Amino acid sequence: MKQLLAGLLFFFIYGDVYAQKDVPVIIIISDQLRYDAIGKYTPHIDQLRADGVSFGRAYCASPICVPSRAAFFTGRYPNHNGCLINGWEGDEKKFGEVRSGTPSVYSVMSSHWDSRHVGKQHFFTHDKIDTSAGTVWITQPDYKKWLKEHGIKPPGGRQFTGMAPELVSGGQTRTKRYTLPVYEAYEPGLAWYIDEFFGNRAVDVIRGHEGKKPLLLNLMFLSPHPPYNIPEPYFSKFKKEDLPIPDNVGQWYPGQSPLQLFNLPGFMGSRYSRADWEGIWPKYFGLVSLMDDEVGKVIAALKQKGIYDKALIIFTADHGEMLGAHSLWQKMCMYEESSHVPLIIKFPSGVRGGVRTVDSLVSLVDVWPTLMDYLEIKANDSTDGVSLMPLVAGKAQRRAPVYIQYDGNGGYGNNQRCIVDGRYKLIMDTFKGEIFMELYDVLKDPQEKENLIAGGGYEGKVRELLAKLRAHMRETGDLLTFRDDVYEHFLAHYTKKEQKGGEGD
C-alpha cells in the first residue's frame with residue numbers, strides 16, 4: 001500500500017512528465033576518482049571516452065559523497081536542494097537529505113524507464129525515494145547479506161581507520177574514526193569484493209532486461225574510495241616505479257590554508273611524507289584499475305545485449321582524491337585533485353555531435369538539464385545547471401561561474417566556498433569564524449602551488465569573484481555569510497612571515 005501511495009504521489013507531482021526518445025540511459029559514478037586518473041591505466045573508460053564526448057573542466061558541486069550525488073541527480077546546488085553534508089551526526093542528519101518534493105533523475109525518469117540502481121547508495125531524500133515505487137535497488141545491505149550467507153568477511157575494518165576531529169553544528173568538536181591510507185591485500189579474493197558484486201549484479205540487470213521500457217541503470221561503484229583492502233591481482237598490479245607522483249604530493253605550500261589542519265584532509269594527510277605517498281599511489285591505482293575492469297564488463301554486457309550503440313552512457317565521479325597533494329588526504333577541499341572530476345557522455349550512434357573534447361567550464365549540476373534536453377523530457381522542474389548540448393554540437397557557450405561548497409562530513413562545520421570563473425579559482429576556507437582566502441590561476445598553475453591573493457596585482461579579480469560568490473550565496477539561501485570587510489580583514493592578518501611558513505622554536 002505504501003508503494004502504491006508513493007507511486008500515486010509521484011504521478012500527481014510529475015504527471016506531466018513525458019519523454020519522446022526511448023533511449024537506454026546508463027549512468028556510472030565512481031567514488032573518489034581523480035580527474036587525472038583516466039587514461040593509461042583505464043583502457044575501458046578510455047574507450048568510452050573515444051566513443052563519446054569528454055568534458056575536461058568538470059567540477060562537482062560539493063567535494064563529499066552525499067551532497068555531490070544530490071546535486072548531480074537533482075541538477076541543483078546544495079543550498080537549493082537542501083543536502084549539505086553526509087549527515088551521520090544525530091540532529092544534523094536533516095542536512096544530509098534532499099528536500100521533500102525536489103525532482104530528481106529517479107523520481108522523474110522512473111515512470112518511463114525501467115529504473116534500476118546497483119551499487120553504493122548515497123542519494124538520500126526526505127521522501128525516502130530509495131524505498132518508494134519506481135526503482136529497483138541493489139545496494140550495500142544486499143552485498144553484506146550475501147557475504148554473511150557465505151561466511152565471508154567484508155573488506156576493511158578498524159585497522160584501516162584512525163581518529164580525527166570533526167566539527168559539529170559549527171561549534172563542537174568530536175572525535176570520529178575515518179579511513180587512513182594504509183593498505184593490505186583482501187584475502188577472500190576478487191570474487192567476494194564489493195565492486196565485483198555490483199559489477200556482476202549490473203550485468204544481470206542488463207542481460208535480464210526485457211525491453212518493454214528503455215533501461216535506466218544507475219551504477220555506483222565504491223572504488224577507488226578507501227579502505228585500501230584490495231584483492232589480487234590489483235593489490236600488486238602497480239609498483240611505485242610505474243607511477244611518478246606529481247610535484248605537489250607531500251608538499252605543504254606557504255599560501256595554502258592552515259585551516260585545513262583542523263579538517264580531516266590536513267589532520268590525517270600531513271602526517272605522511274612524500275616517500276609514504278609513493279607507496280600509497282600504486283594501491284589507489286590498483287582500485288582504479290579494478291573499477292575500470294568492472295566498467296569494461298558492463299560495456300561488454302551492453303554490447304552483447306545489443307544496446308550499447310543505442311544507449312546514452314554517462315561516466316563521472318562524485319569527487320576526487322587528494323592522495324597527498326598539498327599534504328592532504330581524501331577530499332573535502334577545493335583543490336583540483338578533490339573538486340575537478342572526469343565527465344564523459346557517450347551518445348547513441350550517429351548523434352554524438354561535432355566534438356570529442358570540451359574544454360569549457362562545466363558542473364555536474366549540468367548533467368540533469370542535459371538529460372532533459374537530449375531526451376526531450378518535459379517536467380515541472382527547475383535547475384541550477386545548463387544543458388551541455390550546445391557544447392556537444394561545437395557551439396560556443398558562455399557559462400556562468402561554477403560554484404562549489406563544503407559544509408562538513410558527518411556534522412555541519414568547516415565550511416568552504418569556492419567559485420571557478422574562467423581560469424581563476426577563489427577559495428574561502430573557514431573554521432569557527434576564521435577565514436582564509438586563496439586565489440589560483442588553475443590553467444597556468446594546475447597544481448595550485450602559488451596563492452596569488454597576497455602577491456599584488458589581483459585585487460580587482462578577487463573583488464570581482466568575491467562579489468559573484470556573495471551573490472550566489474544570497475540567491476541560494478546559504479546558511480553561511482562573510483563579514484563585509486572579509487578581504488581587507490584577511491590581508492591585514494596575512495603577513496610575509498606566514499606566507500613563507502614561519503619556523504617555530
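Every value quoted in this text rests on a predicted model; they were computed, and no experiment measured them.
Residue Ser327 forms a side-chain contact (heavy atoms from CB on, under 4.5 Å) with just one option from Tyr253, Trp252, Tyr272, and that option is Trp252. Each of His493, Met428, His489 was checked for a side-chain contact (heavy atoms from CB on, under 4.5 Å) with Ile435, and the lone residue meeting it is Met428. Partner of Glu448 under the side-chain contact (heavy atoms from CB on, under 4.5 Å) criterion, chosen from Gln256, His326, Met334: His326.
Using bins of under 30°, 30° to 60° and over 60° for the plane-to-plane angle, the ring pair Phe198/Tyr143 lands in the tilted bin. Classification of the Tyr106-Phe123 ring pair by plane angle, with boundaries at 30° and 60°, yields parallel. Between Tyr35 and His340, the ring planes are parallel. Angles under 30° get that label, and only those over 60° would be called perpendicular.
Shown here is Lys449, whose NZ atom has more than 12 heavy atoms of other residues, nucleotides or ligands within 6.0 Å. Other residues, nucleotides and ligands contribute over 12 non-hydrogen atoms within 6.0 Å of the NZ atom of Lys432. Shown here is Arg158, whose CZ atom has no more than 12 heavy atoms of other residues, nucleotides or ligands within 6.0 Å.
In terms of heavy atoms, Ser68 sits closest to Leu364 at OG-CD1, 4.4 Å.
When side chains are defined from C-beta on, Ile314 does not count as touching Thr370, because their heavy atoms never get closer than 4.5 Å. Side-chain contact check for Leu465 versus Leu439: some heavy-atom pair is nearer than 4.5 Å. For the pair Pro181/Trp277, a side-chain contact is recorded, criterion being any heavy-atom separation below 4.5 Å from C-beta on. Two residues are said to be in side-chain contact when any heavy atoms from C-beta on lie closer than 4.5 Å; Leu33 and Phe221 fail this criterion. For the pair Asp127/Ser100, a side-chain contact is recorded, criterion being any heavy-atom separation below 4.5 Å from C-beta on. Side-chain contact check for Phe160 versus Leu180: every heavy-atom pair is 4.5 Å or farther apart.
Under a 4.0 Å N-O distance rule, the pair Asp318/Lys331 does not qualify as a salt bridge. Between Glu459 and Arg463 a salt bridge is recorded (basic side-chain N to carboxylate O distance below 4.0 Å). Look at Asp445 and Arg423 and you find no salt bridge, because none of the NZ, NE, NH1 or NH2 atoms lies under 4.0 Å from a carboxylate O. Looking at Glu187 and Lys153, no side-chain N of the basic residue comes within less than 4.0 Å of a carboxylate O on the acidic one, giving no salt bridge.
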Worked verdict on Phe124 versus His122 for ring pair (Phe, Tyr, Trp, His ring centres under 6.0 Å): CA-CA 6 Å; Phe124 302 130; His122 263 184; 5.7 Å; yes
Check the pair Tyr193, Tyr234 against ring pair (Phe, Tyr, Trp, His ring centres under 6.0 Å), reporting the backbone distance first and the verdict last. CA-CA 11 Å; Tyr193 195 69; Tyr234 301 98; 8.6 Å; no
Assess the residue pair Arg177 and Met163 against the criterion (side chain to side chain contact (heavy atoms under 4.5 Å, CB included)); give the C-alpha distance rounded to whole Å, side-chain angles, the decisive distance to 0.1 Å, and a yes or no. CA-CA 5 Å; Arg177 298 194 73 87; Met163 299 301 293; 3.3 Å; yes
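Annotation: the span from Arg417 atom CZ to Asn79 atom CG amounts to 6.0 Å, rounded to 0.5 Å.
For Tyr458 and Glu464, the side-chain atoms include no donor-acceptor pair closer than 3.5 Å. Looking at Asn409 and Tyr406, their side chains never bring a donor and an acceptor atom within 3.5 Å of each other. Counting only N and O atoms by type, the side chains of Gln330 and Thr179 include a donor and acceptor under 3.5 Å apart. Between the side chains of Asp276 and Ser273, a donor-acceptor pair is found at a separation under 3.5 Å. Inspection of the Tyr335 and Glu438 side chains reveals an N or O donor paired with an N or O acceptor under 3.5 Å.
In this structure, Arg201 forms a cation-pi arrangement with Phe197, its terminal cationic atom sitting closer than 6.0 Å to the ring centre and no more than 45° off the ring axis. Note that Lys283 lies in the cation-pi zone of Tyr183, set by a 6.0 Å cut-off to the ring centre and a 45° limit from the axis.
Using modelled atom types, one side-chain atom of Glu92 and one backbone atom of Ser169 make a donor-acceptor pair closer than 3.5 Å.
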